[in-house]
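Below is one structure, written out as structure tokens; comments come after it.
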Amino acid sequence: QFEADKPIETRFVGATAPGVNITSSGKGRVLFGESVTNSGQTNITAQASVLTTSDKVQVSSGTATISALGSISGAGNSSFNVAMTDGATLSATARDNINIRQFASTANADGNLEIAKVHYTGDLGQQANKAFGNVSIQAAGDITGVGNESQHVRGINISLISEDGG
């Protein structure tokens with residue numbers, strides 16, 4: 001016979017704030033097949049691309065830093081969907097293309113997006129090669145540059161769409 005009615009002492013160890021850190025050190029991509037929710041700092045680094053596998057997948061986060069030697073996008077060149085908390089900042093760098101869409105959420109009802117930097121890191125002189133250097137940012141609310149960057153958004157072809165903001 002087994003008794004399972006005794007109290008269990010629980011202690012939390014580690015960081016005082018939540019965080020997600022994903023690093024792909026090989027040549028593989030970082031793929032999000034399901035949505036991820038994190039109210040703290042999210043760091044994603046890939047030696048290839050950072051992709052969502054469906055337009056239903058979204059990364060909900062506090063401040064986020066995404067770095068890829070390939071692209072940052074969704075399935076079939078659709079958007080990499082995020083739901084940043086109100087006041088959180090996004091930094092994203094990629095050598096190919098960047099396609100990010102900010103959704104409204106309970107943590108950011110207006111869907112505003114604060115950009116520390118979103119930079120295409122490839123050769124800006126390759127304007128003849130239209131396959132790379134495309135930066136597309138779409139937000140349900142305002143898109144605002146914050147911080148000390150002299151260029152908050154950098155690319156060859158840049159598209160900024162604010163659905164309900166300014």
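Nothing here was measured: the structure is a model prediction, and the numbers come from that model. For the numbers below, each heavy atom of this structure counts, side chains included, while hydrogens, waters and symmetry mates do not.
For the atom pair CD1 of I143 and CD1 of I161, the computed distance is 8.0 Å after rounding to the nearest 0.5 Å. M84 CE to I100 CD1: the interatomic distance, rounded to the nearest 0.5 Å, is 9.0 Å. Atoms CD1 and CG, on I115 and L160 in that order, are 6.5 Å from each other to the nearest 0.5 Å. One distance of note links OG of S24 with CG of L69; it measures 9.5 Å at 0.5 Å rounding. Rounding to the nearest 0.5 Å gives a distance of 12.5 Å between CD1 of I72 and OG of S79. To the nearest 0.5 Å, atoms NE2 (H119) and NE2 (H152) are separated by 8.5 Å.
In this structure, S91 contributes its side chain and T65 its backbone to no donor-acceptor pair below 3.5 Å. Of the possible donor and acceptor atoms, none in the side chain of S71 sits under 3.5 Å from a partner among the backbone N and O of S73. Here the side chain of T121 pairs a donor or acceptor atom with the backbone of A94 at under 3.5 angstrom. Not one N or O on the side chain of T42 forms a donor-acceptor pair closer than 3.5 Å with the backbone of A64.
Contact of the I98 side chain with the F80 side chain is not registered, since no non-hydrogen atoms from C-beta on lie closer than 4.5 Å. With contacts defined as side-chain heavy-atom distances shorter than 4.5 Å, the pair D96/Y120 does not qualify.
Note: the hydrophobic cluster containing I22 also contains L90 (ILVMFWY, side chain heavy atoms under 4.5 Å, direct or indirect links). Note: the hydrophobic cluster containing V82 does not contain L31 (ILVMFWY, side chain heavy atoms under 4.5 Å, direct or indirect links).
Taking each heavy atom of G141 and S162 in turn, the nearest pair found is O-OG, 2.6 Å. Between E114 and G87 the shortest heavy-atom distance is OE1-O, 3.7 Å. F103 and Q58 get closest at one heavy-atom pair: CD1-OE1, 3.6 Å. Taking every heavy atom of both residues into account, A104 and A109 meet most closely at CB-O, 3.3 Å. Nearest approach of T85 to G62, heavy atoms of both residues: OG1-CA, 3.4 Å. Between E163 and Q138, the shortest heavy-atom contact is OE2-NE2, 2.6 Å.
D142 and T144 are not linked by any side-chain donor-acceptor pair at a separation below 3.5 angstrom, with hydrogens and angles left out of the test.
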message: As a quick check of understanding, evaluate side-chain contact (heavy atoms from CB on, under 4.5 Å) for N99 and N134, giving each step before the final call.
response: CA-CA 8 Å; N99 187 350; N134 300 307; over 6 Å; no

field: Trace of the side-chain hydrogen bond (donor to acceptor under 3.5 Å, both in side chains) decision for N43 with Q41
entry: CA-CA 7 Å; N43 298 303; Q41 174 75 37; 2.8 Å; yes

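Each of L51, I44, T53 was scored for a side-chain contact (heavy atoms from CB on, under 4.5 Å) with F32, with one residue passing: I44.
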